[in-house]
Enquirer: 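This is the structure, below, for whatever I ask next.
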Amino acid sequence: MMTAINNDLLDDLKWRGLIAQTTDEAALRESLKKPVTLYLGTDPTAPSIHVGNLVPLLVMRRFQLAGHNPILLVGGATGLVGDPSGRNDERSLNDTAIVEQWVNRIKLQLSKFMDFETTHNPATMANNLDWTAPLSTIAFLRDIGKHFSVNQMLNKDSVSSRLEKDGISYTEFSYQVLQSMDYLELFRRSNCTLQIGGSDQWGNITAGLDLIRRAEGGSAHALTVPLLTKADGTKFGKTAGGSVWLDPEMTSPYAFFQYWLNSDDADVIKFIKTFSFKTREEIEELEKTHNENPGAREAHRALARELTSLVHSPEIAQRVEVAARALFGQADLAELDEATLASAIAELPRTTVKAGEELPTWVDLLAATGVVDSKSAARRIVKESGAYLNNEKVPSEDFKLEKSHFLCGKYALLRKGKRDLAAVELIS
RNA sequence: GGCGGGUUGCCCGAGCGGCCAAUGGGAGGGGACUGUAAAUCCCCCGGCUCUGCCUUCGAAGGUUCAAAUCCUUCACCCGCCA
C-alpha cells in the first residue's frame, strides 16, 4: 500500500464529487499535510452493510492510501439507540443480542477495505460500546451532558424535522450525544482529528466538534460525502428486491455485478468517480469512450468488474462475468463444459429435481426457485411469452421439462424476461 | 369528556347492500424498439388442483338469500368543542 502523503487528496475528492461539506477547508488542508487520524462510524442496523455505506468507506480507504490513519468504528452502542438523521419516523429498537451479532458481521465486512497489516499507518477497529457501556448515568450527565445545550440539540435538523412531525423519543434525541462522545473518546485516546460520514451526519459530527472544544479545548475537523443520487430519481443502491448488500448470502455476486452493469448511462461516470480507484486520467478516458459509444457499455463493465473484484474477489468477478456472457446467450449454452456451467449456475437462485421422478412443468419449477412469488405469476410470464428454457422460448403453460433439456445431464436454465435467471439441478 | 370524519390490495386512492378480486394513478412484471440502458408504445399485475373455486377491503361479532358497503363492540388516526 502506498504510504506517501498525498497533498492532492482533497482536490481529488473534490473532482470526484465526494465532498459535501467540510469544516474550515484551509485549516483542514493544512492539517492533512501530515498524517492525521480519522474515523468513520457505521451503525449495525442490518446483518450486512450495503452499497450506500460503501461511499464513505471507500473515502476512508483513499485517506489510508494517502498515508493517514483510519479508525473504523462500529456502533455497538449507537446501534442500540438509533440515529434519527434522515428519517421521519422513530426506529423500532433491535434486540441487543441481534445487534451484537450484526456488529461482528459488519466488523468483518468493513475490515476487508482497509489495510490492518501495514506498519506505517495500519487501520484500527473500534466499538463504541467499549466506552459507553461502563459509563454511569451520573457520570454521563455530569461529565458529558453538562456540555450540551438542549437549545442547540433541538436545532439540529434531525431533531427539529421530527418535532414538526410525529415527535421523537428521548432515546433518539440522545443519539447525537453518544456520537459526540465517540469523537471525543477517539480524540483523547488516538488524537483523532477528522470524522467523515454521509452528509446526513453533519449535525452529529459538528456536535462532536463542539464537545471536543468544550471538554478539551481541542479542535478537530469534519468532512461529509454527498448522498449519492440517480438520474431517474430512484434511490441509489436499491432494486425491486431491496438493498444491494455486500454479503454474498444476501446479494449474490452475480446480482451485485449485474446491478452495476445495468447502471443508467447518465449515472455510470458519476458512479465510477465515486467508487473507482482508477486515476483521473483513466476515468476521463473511459468517459470519452462511453460518450462515443454508450451501447458498448465499456464504462459499465469497468465499474462492475472493479467493484465486484473489490467487494468479493477478482476470481469471483471473473467467474460471474463469464457466467453472465454464457447465460445471456452470447455463447452457446450447449458448448459450455460442466465446470463453467456449474460455476455460472452457482450464482443463481435454483431448485432441484430428483432424477427418478416425473419432471415438473416449467411453471412449477420457476415458482420453486423463488424468482416469482406464485405459480400464477409464473403462468403469466409464459402467457406473456417471457419464459425461456435454455434460452429458448417456452411455448405453453403446461410445458414439461424432459431429460434432454438438462445440459451436461445436470442443469437446466430458466429465464424470466430479459435478465432474470434461475437454474434447475437434476440430482440423483 | 362530547361531537364529527377516517382505517381498502406493495403505496396513494375510488367504491358506500347484489353487475366487486374491487375504478384510477404510482411502483412492479412481460412484450415491442434498443445495448442485459433511458424514453416511448402495448399488455399484465390476490391465490389455486383456473371456463371454476378459495381468501381479501383496521379487528371481532351481528343483520341479510346476498356486505368493502348496514348494525354493535374494540383498536388506532384526524378534525372541532370542552
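A note on names: the letters A, B, ... follow the listed sequences, proteins ahead of strands, and every chain is numbered from 1.
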Enquirer: Extract from the structure each pairing of a protein N or O with an N or O of nucleotides 51-53 of chain B at less than 3.5 Å, listing the distance.
Expert:
none

Enquirer: With nearest nucleotides of RNA chain B determined for Ala387(A) and Ser376(A) from heavy-atom distances, which residue corresponds to the more 5′ nucleotide?
Expert: Ala387(A)

Enquirer: On a whole-Å scale, what distance lies between the C1' atoms belonging to rC57(B) and rC41(B)?
Expert: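 Between the two C1' atoms, the distance is 33 Å.
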
Enquirer: Using the P atom on both, measure rA66(B) against rU73(B) and round to a whole Å.
Expert: 23 Å

Enquirer: When you measure from the side chain of Arg105(A) to the backbone N and O of Pro47(A), does any donor-acceptor pair fall under 3.5 Å?
Expert: yes

Enquirer: Sticking with atom C1', work out how far rA68(B) lies from rA22(B), rounded to a whole angstrom.
Expert: 8 Å

Enquirer: Could you give the NZ-to-P distance, from Lys383(A) to rG31(B), as a whole number of Å?
Expert: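 Going from NZ in Lys383(A) over to P in rG31(B) covers 15 Å.
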
Enquirer: Can you tell me how far P in rA21(B) sits from the matching atom in rC45(B), rounded to whole Å?
Expert: 15 Å

Enquirer: Using a 4.0 Å heavy-atom cut-off across all strands, classify Gly386(A) as base, sugar-phosphate, or nothing.
Expert: sugar-phosphate

Enquirer: Rounded to whole Å, how long is the line connecting atom CZ of Arg297(A) with atom P of rA38(B)?
Expert: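 Checked: the CZ to P distance equals 10 Å.
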
Enquirer: With the criterion being N/O to N/O and under 3.5 Å, what pairs connect the protein with nucleotides 42-44 of chain B, and how long is each?
Expert:
| from | atom 1 | to | atom 2 | distance (Å) |
| --- | --- | --- | --- | --- |
| rC44(B) | O4' | Glu384(A) | OE2 | 3.1 |
| rC44(B) | O2' | Glu384(A) | OE2 | 3.4 |

Enquirer: What is the distance, rounded to the nearest whole Å, between atom CG of Leu366(A) and atom P of rG29(B)?
Expert: 14 Å

Enquirer: Does the side chain of Val51(A) reach to within under 4.5 Å of the side chain of Trp260(A), using non-hydrogen atoms?
Expert: yes

Enquirer: Mind calculating the distance between NZ (Lys230(A)) and P (rA38(B)) to the nearest angstrom?
Expert: 9 Å

Enquirer: On a whole-Å scale, what distance lies between the C1' atoms belonging to rG47(B) and rA38(B)?
Expert: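 Result for the C1' pair: 35 Å, nearest Å.
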
Enquirer: Using a 6.0 Å distance limit plus a 45 degree cone around the ring axis, check whether Lys273(A) lies over the aromatic ring of Trp15(A).
Expert: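 Yes, cation above the ring, under 6.0 Å and within 45°.
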
Enquirer: When rounded to the nearest Å, what value does the distance between P atoms of rG24(B) and rG15(B) take?
Expert: 14 Å

Enquirer: Could you give the CG-to-C1' distance, from Asn262(A) to rG29(B), as a whole number of Å?
Expert: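 Rounded to whole Å, this separation is 16 Å.
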
Enquirer: Which atoms form the tightest heavy-atom contact between Ser180(A) and Asn204(A), and what is the distance?
Expert: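 Looking at all heavy atoms of both residues, the closest pair is OG-O, 4.1 Å.
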
Enquirer: P atom, rG58(B) versus rU49(B): distance in rounded Å?
Expert: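 Going atom to atom, P in each nucleotide, I get 29 Å.
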
Enquirer: Where the side chain of Lys418(A) is defined as all heavy atoms beyond and including C-beta, which of rG47(B), rU34(B), rG29(B) is the nearest nucleotide?
Expert: rU34(B)

Enquirer: Nearest whole Å is fine: how far is rG35(B) C1' from Trp260(A) CH2?
Expert: 20 Å

Enquirer: Any heavy-atom pair between the side chains of Val322(A) and Arg325(A) that's under 4.5 Å?
Expert: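 Side-chain contact under 4.5 Å: no.
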
Enquirer: Measure from NZ or CZ of Arg62(A) to the centre of the six-membered ring of Phe277(A) and say whether it is under 6.0 Å with the direction within 45° of the ring axis.
Expert: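 Here Arg62(A) passes the 6.0 Å and 45° test against Phe277(A).
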
Enquirer: For the residue pair His300(A) and Phe257(A), is the inter-centroid distance of their aromatic rings smaller than 6.0 Å?
Expert: no

Enquirer: Without decimals, in angstroms, what is the distance between Lys375(A) NZ and rC54(B) P?
Expert: 19 Å

Enquirer: In whole angstroms, how far is the C1' atom of rG35(B) from the CG atom of Leu261(A)?
Expert: 10 Å

Enquirer: Report yes or no: do Gln179(A) and Asp182(A) form a side-chain donor-acceptor pair below 3.5 Å?
Expert: no

Enquirer: Taking Watson-Crick and G-U wobble pairs with both distances under 3.5 Å, convert RNA chain B into its dot-bracket string, 5' to 3', dots for unpaired and | for cross-strand pairs.
Expert: ((((((((.[[[..)..(.....]]].(((((.......))))).(((...)))...[[[[[..)....]]]]]))))))).

Enquirer: Just wondering, more than 12 heavy atoms not from Glu392(A) lying within 6.0 Å of its CD?
Expert: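 No, CD of Glu392(A) has 12 or fewer neighbouring heavy atoms, counting only those of other groups under 6.0 Å.
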
Enquirer: Using the C1' atom on both, measure rA59(B) against rU40(B) and round to a whole Å.
Expert: 46 Å

Enquirer: Can you tell which of rG35(B), rU36(B), rC48(B) lies closest to the side chain of Ser374(A)?
Expert: rC48(B)

Enquirer: Under a 3.5 Å threshold, yes or no: a donor from one side chain and an acceptor from the other, between Thr78(A) and Asp43(A)?
Expert: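 There is such a pair (donor and acceptor under 3.5 Å, judged by atom type) between the side chains of Thr78(A) and Asp43(A).
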
Enquirer: If you define the side chain from C-beta out and look only at heavy atoms, does anything of Phe63(A) sit under 4.5 Å from Asn69(A)?
Expert: no

Enquirer: Has Ser385(A) got a side-chain N or O lying under 4.0 Å from the OP1 or OP2 atom of rG31(B)?
Expert: no

Enquirer: Are Trp245(A) and Phe256(A) close enough that their ring centres sit under 6.0 Å apart?
Expert: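 Ring centres of Phe256(A) and Trp245(A) not closer than 6.0 Å.
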
Enquirer: Of all the nucleotides listed (rU49(B), rG31(B), rU36(B)), which has the minimum atom distance to the side chain of Gln258(A)?
Expert: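 Nearest to the side chain of Gln258(A) among the choices is rU36(B).
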
Enquirer: Given side chains that start at C-beta, do those of Pro360(A) and Val353(A) come closer than 4.5 Å, heavy atoms only?
Expert: yes

Enquirer: 5'-most contact on RNA chain B: His290(A) or Lys416(A), nearest heavy atom basis?
Expert: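 In this pair, the answer is Lys416(A).
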
Enquirer: Should we say atom CD1 of Ile427(A) is surrounded by more than 12 heavy atoms from elsewhere, each under 6.0 Å from it?
Expert: yes

Enquirer: Could you tell me whether the side chain of Asp265(A) has a donor or acceptor atom within less than 3.5 Å of a complementary atom in the base of rG35(B)?
Expert: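 By the distance-only test, yes, there is a pair.
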
Enquirer: Among rA37(B), rG29(B), rG31(B), which nucleotide sits nearest the side chain of Arg419(A)?
Expert: rA37(B)

